[in-house]
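A quick note: this is a predicted structure, and the numbers were derived from the prediction, not measured.
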Amino acid sequence: MTDWFTVRWEDGAVVLLDQRKLPTEETYLRLTDVESLARAIEDLVVRGAPAIGCTAALGIALAADRSPAETPAALAADVESARERLARTRPTAVNLFWALERMGRHLDKGLANGSSAPQLRADLLQEARTLVEEDVGICRSLGLAGVSLVPDGSRILTHCNAGALATGGYGTALGVVRAAVEAGRQVSVLADETRPFLQGARLTAWELAKDGIPVSVITDNMAAHLMHQGEADLVIVGADRVAANGDVANKIGTYGLALLARAHDLPFYVAAPCSTIDLRTATGADIPIEERGRAEVAEFGARPVVPEGVPVRHPAFDITPASLVTAIVTEKGIARAPYGDSLAALLH
């Protein structure tokens, strides 16, 4: 599918495609310490809930690999320090915590089995690499599950980037698009620009153009007009966390898009792996919403666009109520309302 990758382990380092520089530069960063990796997550070198989870898992493996500890207990202490640092990077994306918990369980299992420090290092690296490989397979299964929702000739409106760049590979919302194309469907995509970081304009358009899938970029405030003109047939977005009741946290602007879809009688689909479903979070009101810094809003292309001294607000995500979600597509199938029942059934 691609001649590029989002995240991988190479020779003792975590290598990330620097998404801040797309679409004009394809630059890879080779990170060899946990602090640099954590900052890369915070600075949006890598973004998208599944990709953040993959990166965090490799970060745990990196911590173990770089630890000078000679005993299992000392190695575990170094890994725990890394886990705490990585857990502070992005509070909304639940895949981050899911991946850290999975790596923690794997470490605990090794300790219980009496593994040596070298064996723990090797096992943690293998588990992290397995997690990344599984993510690609999960996205492919998710895409196949969603093909039935995409009629031939569909004009699909999406927000932010929920493609291969946001995952270990293939994508969630764009995974459904890719699977539909592979199934022979003729589809096209309208990609919301997605202010303020322009993930739609810079990243979604870049991915789809690379794959030869027809895509047009629109600014966020054009969606209502194009829906009214009959130029969109359905909406598919990704998610950073899905609460037990089906409320969805996703990139800021998703809630407004869901309201527009409802007003124009268009289906609004969410594509997310089961690792993004958080049954421990009852509703969207319980999901922490990350507030990011001033610069991403007050500057455009490093040029100030807001007068100095004027405050800005920058919630990075919003909550779309379950009542506006037509269906949630996962690798285990499609969930529909009542989500409290259907999501729990998928996960058990």
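- With salt bridges taken as basic N to acidic carboxylate O contacts below 4.0 Å, none links Glu231 and Arg155.
- With contacts defined as side-chain heavy-atom distances shorter than 4.5 Å, the pair Ser154/Leu234 qualifies.
- In this structure, His264 and His228 have perpendicular ring planes: the angle between them is above 60°, well past the 30° mark.
- A donor-acceptor distance shorter than 3.5 angstrom exists from the side chain of Arg292 to the backbone of Glu42, with no hydrogens or angles considered.
- Put simply, the side chain of Val176 does not reach to within 4.5 Å of the side chain of Leu149, judged on heavy atoms.
- Between Asp240 atom CG and Asn95 atom CG the span is 7.5 Å, to the nearest 0.5 Å.
- Considering all non-hydrogen atoms of both residues, Val94 and Ser275 come closest at CG1-O, 3.6 Å.
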What verdict does the side-chain hydrogen bond (donor to acceptor under 3.5 Å, both in side chains) test give for Asn221 and Thr219, after you've listed the backbone C-alpha separation in whole Å, the side-chain angles of each residue and the deciding distance to 0.1 Å?
CA-CA 6 Å; Asn221 57 357; Thr219 63; 2.6 Å; yes
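- With sequence neighbours excluded, the residues that form a side-chain contact (heavy atoms from CB on, under 4.5 Å) with Val305 are Phe300.
- Distance check, rounded to the nearest 0.5 Å: CG of Asp123 to CE of Met103 gives 10.0 Å.
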Checking side-chain hydrogen bond (donor to acceptor under 3.5 Å, both in side chains) for the pair Arg47/Gln199: CA distance, chi angles, key distance, verdict?
CA-CA 10 Å; Arg47 26 67 51 207; Gln199 295 97 321; over 6 Å; no
Between Asp18 and Thr27, does a side-chain hydrogen bond (donor to acceptor under 3.5 Å, both in side chains) hold up when you go through it step by step?
CA-CA 6 Å; Asp18 190 344; Thr27 301; over 6 Å; no
Decide side-chain hydrogen bond (donor to acceptor under 3.5 Å, both in side chains) for Ser81 and Asp78; before the verdict, give the C-alpha distance in whole Å, the side-chain angles of both, and the deciding distance to 0.1 Å.
CA-CA 5 Å; Ser81 178; Asp78 287 342; over 6 Å; no
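- Atom CD1 in Ile252 sits 8.0 Å away from atom NE2 in His314 (nearest 0.5 Å).
- Of the inter-residue distances, the one linking Arg121 atom CZ with Leu107 atom CG reads 11.5 Å to the nearest 0.5 angstrom.
- Val150 has its side chain within reach of Ile156: a pair of non-hydrogen atoms, C-beta onward, lies under 4.5 Å apart.
- Proximity of Ile218 to Glu193: side-chain heavy atoms (C-beta onward) are nowhere separated by under 4.5 Å.
- For the pair Tyr339 and Asn245, the minimum side-chain heavy-atom distance is 4.5 Å or more.
- Of the N and O atoms on the side chains of Thr194 and Asp192, not one donor lies less than 3.5 Å from an acceptor on the other residue.
- Counting all heavy atoms, side chain and backbone alike, Ala232 lies closest to Met227 at CB-CG, 4.4 Å.
- To the nearest 0.5 Å, atoms CG (Asn161) and CG (Leu203) are separated by 5.0 Å.
- Remark: side-chain polar atoms of Thr24 are paired, donor with acceptor, to backbone N or O of Lys21 under 3.5 angstrom.
- For the atom pair OG1 (Thr6) and CD (Gln19), the distance works out to 6.0 Å, reported to the nearest 0.5 Å.
- Closest non-hydrogen pair, Thr32 versus Arg66, comes out as O-NE, 3.3 Å.
- Side-chain contact between Thr172 and Pro273 is present, with heavy atoms from C-beta onward closer than 4.5 Å.
- Listed here is the closest heavy atom pair of Cys139 and Gly169: CB-O, 3.6 Å.
- Within a 6.0 Å radius of CZ in Phe197, more than 12 heavy atoms belonging to other residues, nucleotides or ligands are found.
- A donor atom on one side chain and an acceptor atom on the other are found under 3.5 Å apart for Gln126 and Thr130.
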